[in-house]
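Taking it in order: structure first as structure tokens, then the write-up.
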Number of protein chains: 2
Amino acid sequence: MEILSDRQKLILNLVIHEFTRTAQPVGSKTLVEKFHLDVSSATVRNELATLTEMGFLEQRHTSGGRVPTEKGFRYFVRVLMQTQELPESSRRMIEHQFYQMQQDQGVDDWMKLAASILATQSGAASLVSAPLPIRTELRHLALIKVSGKQVLIILVMAGGQFQQRFVTTEMRIDQNELTMLSNEINTRFANKTAQQIRQEALITSPASEGLEFFLNHVMNIMYESDNMKTGEVYTDGISNVLAEPEFAESEDARRALKILEEKPTLQSFLSRAIMDQKIGGIQILIGGEGMLTNLYNCSLVLARYGIPESVSGTIGVFGPMRMPYSRTIPTVRFMAGLLSDMVSDSIGNTTFRN
Amino acid sequence: MEILSDRQKLILNLVIHEFTRTAQPVGSKTLVEKFHLDVSSATVRNELATLTEMGFLEQRHTSGGRVPTEKGFRYFVRVLMQTQELPESSRRMIEHQFYQMQQDQGVDDWMKLAASILATQSGAASLVSAPLPIRTELRHLALIKVSGKQVLIILVMAGGQFQQRFVTTEMRIDQNELTMLSNEINTRFANKTAQQIRQEALITSPASEGLEFFLNHVMNIMYESDNMKTGEVYTDGISNVLAEPEFAESEDARRALKILEEKPTLQSFLSRAIMDQKIGGIQILIGGEGMLTNLYNCSLVLARYGIPESVSGTIGVFGPMRMPYSRTIPTVRFMAGLLSDMVSDSIGNTTFRN
DNA sequence: AGTTAGCACTCTAAGTCGAAGAGTGCTAAC
DNA sequence: GTTAGCACTCTTCGACTTAGAGTGCTAACT
């Protein structure tokens with residue numbers, strides 16, 4: 001890693017500051033005038049030249065000002081930026097919005113609200129993925145007859161997620177029978193993972209046909225849940241991003257929007273990106289970092305929330321590369337904290353029970 | 001209503017046809033040349049002038065060609081357009097995509113798939129709202145203990161929708177008790193509306209504390225469900241719309257996008273717009289028709305799907321006013337039919353049971 | 001009376017030109 | 001190492017021009 005002189009750091013900082021504000025290339029003269037530097041523009045010019053040579057800045061046109069490169073932004077985020085705490089007033093405002101929701105809401109209502117708050121607070125697009133159990137354990141099974149041969153399976157996992165699935169049985173079956181089956185499965189297999197259930201089922205006496213049928217479905221659902229690292233993704237504030245000058249060309253705008261619209265791609269991308277982050281950890285992807293070429297010119301600030309060893313989801317902000325990181329990062333971190341609390345409050349206490 | 005001569009109809013038709021294709025104002029000369037009219041451009045010019053005077057066309061610039069007005073498009077859709085059947089090949093393709101989904105999927109998975117198919121088929125943005133029961137009847141209640149005092153209520157309605165809600169009880173309560181309570185409620189109140197439940201509950205002996213607690217929650221959920229005319233709205237293909245030339249200015253694009261992003265507004269708008277349509281009926285909103293001013297320059301083609309007297313939802317396409325209605329309308333109609341079938345197949349047979 | 005040819009006119013889109021302004025690199029002096 | 005100065009480049013913007021498309025009107029034709 002190159003070592004920058006203090007003055008180079010200062011100048012890089014100022015360039016990024018100014019560019020973040022105006023979205024315009026910034027030149028030596030502007031820099032000196034705006035920030036009352038006690039060196040001349042020529043000196044700044046020299047420094048700009050070396051910073052450009054080192055790859056922190058770039059010159060789009062031979063004689064236009066400098067623009068920070070991806071590398072420049074990464075250096076800024078890693079070294080130069082001081083993340084101040086989120087001001088008390090903002091925190092209050094967010095908490096206020098967050099807690100005025102009725103208590104008795106489903107998980108996905110939190111997500112939507114969180115996405116909405118984060119979008120307005122950051123002035124960019126937000127993404128929130130549902131919290132999923134890190135390893136799936138059965139908490140409760142409900143079998144509900146819907147019509148002749150159709151049964152609705154509702155599976156509540158440790159952590160409070162639930163999955164639902166319609167299945168069609170071979171023959172007619174009535175609700176009493178279903179209740180008995182679900183009772184049996186619940187008493188025998190509650191708080192077990194899919195693997196554990198499979199093992200136990202093998203050991204014990206051959207099961208009844210009905211039991212086996214539903215048990216298979218239960219295990220399938222749990223396996224799927226295990227393999228799907230990221231749940232439903234909610235986005236909000238997409239129109240915020242389109243307001244940024246870098247997306248004035250509708251072609252660029254579409255490119256960015258497409259990323260947010262293709263949920264499956266987005267899901268797998270999120271899970272890959274955040275995989276090796278601890279809960280509470282922040283991951284910053286600048287210019288896509290080679291993972292999605294379409295992310296050129298965009299950045300993601302992602303945080304993982306949830307309960308360690310139990311459930312986790314992702315929350316984050318999508319915006320232009322030129323985003324006010326020092327404000328966005330604490331906001332995302334704070335929202336992640338809130339969501340973690342929310343998860344703990346409502347279901348966390350069960351975690352230490354099994 | 002003005003009466004147009006055959007030639008005027010022809011010319012209006014051609015103007016709309018051409019404008020739909022090119023998004024450019026169209027003039028007399030082009031018209032004659034492209035369509036080999038056996039009248040001269042001067043004649044066409046005269047007709048264009050009267051059509052403009054009548055308000056079917058408009059001249060953006062004194063000496064540019066004509067552009068159809070909202071009124072023009074409405075006349076076109078109502079009178080001129082012949083909606084051909086959707087070609088067999090398209091129908092096959094759509095069906096193929098639709099039925100390759102696994103059978104055992106939740107309602108919202110259908111919606112998403114339907115939205116995605118409709119978006120690609122129409123090349124515009126699509127919206128699908130979840131099918132909601134026209135009047136809510138209780139089908140099955142499940143009470144699931146999640147932690148100390150927290151209980152997950154899952155309510156399955158006639159029609160197969162379900163609502164879930166976390167509630168916190170006053171005191172600890174165990175799963176056996178919950179199962180008994182839910183059994184009682186199920187046997188006594190299945191297939192009843194919220195009103196019927198209230199009446200019956202009043203008549204019979206004062207209920208136990210627990211029963212009353214949950215029964216109240218059940219009724220609340222059902223009331224809410226009754227009052228919420230439109231369920232979750234899924235959108236897809238927003239980026240398609242941004243590709244249209246009328247949204248090249250990012251400001252226009254944002255305006256349109258915002259409509260699709262604000263789900264609550266969108267929901268109430270949809271329910272208001274489609275309210276007095278029969279199932280299978282198509283509603284076409286051109287230029288917003290004064291309901292949402294932001295819809296200037298955009299159109300909606302909406303259809304209601306579901307089962308008469310039982311469940312209904314909305315599916316539709318959002319695009320520029322200049323959309324190929326004669327292709328979009330049959331597509332939407334066909335998709336609505338498919339969704340109706342889907343709803344009937346999976347839950348419809350229960351409807352005639354109570 | 002309806003249709004057409006012809007013509008003068010208008011307006012947009014696209015290209016050219018020049019001046020202003022911002023920024024650069026380099027050199028020579030401090 | 002820093003600075004002043006200078007020549008140069010490049011973008012932006014307005015003014016101007018031209019080509020092309022389209023219009024409205026009038027007079028002639030069927």
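Keep in mind the model is a prediction, meaning the values are calculated, not measured. Chain letters run A, B, ... following the sequence lines, proteins first and then strands; every chain starts at 1.
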By the Watson-Crick or G-U definition, both distances under 3.5 Å, dT27(C) is matched with dA4(D)
Between R66(B) and E58(B), does the salt bridge (charged side-chain N to carboxylate O under 4.0 Å, His left out) criterion hold? Intermediate values first, please. CA-CA 6 Å; R66(B) 260 71 171 199; E58(B) 129 190 63; over 6 Å; no
Reading nucleotides 19-26 of chain C from 5' to 3' and marking B where a protein heavy atom lies under 4.0 Å of the base, S where only the sugar-phosphate is that close, and - otherwise, the string is ---BBBB-
Where does the angle between the aromatic ring planes of F19(A) and F73(A) fall among parallel (under 30°), tilted (30 to 60°) and perpendicular (over 60°)?
tilted
Here the distance between atom C1' of dA21(D) and atom CD of E18(B), to the nearest Å, is 14 Å
Separation of dC11(C) atom C1' from Q24(B) atom CD, nearest Å, is 15 Å
Atom CG of L31(B) and atom P of dT4(C) are separated, to the nearest Å, by 14 Å
Using a heavy-atom cut-off of 4.0 Å across all strands, would you classify R7(A) as base, sugar-phosphate, or nothing? sugar-phosphate
Between CD of E47(A) and C1' of dG1(D) the distance, given in whole Å, is 10 Å
CG (D236(B)) and OG (S126(B)) are apart, to the nearest 0.5 Å, by 5.0 Å
**Asked** Below 4.0 angstrom, N of the basic side chain to O of the carboxylate: do E261(A) and K258(A) qualify?
**Response** no
- Query: For dC11(C), does OP1 or OP2 lie under 4.0 Å from any side-chain N or O of H61(B)?
  - Reply: no
Heavy atoms of S5(B) and E47(B) approach each other most closely as OG-OE2, 4.4 Å
Closest non-hydrogen contact found for V301(A) with M323(A) is CG2-SD, 4.0 Å
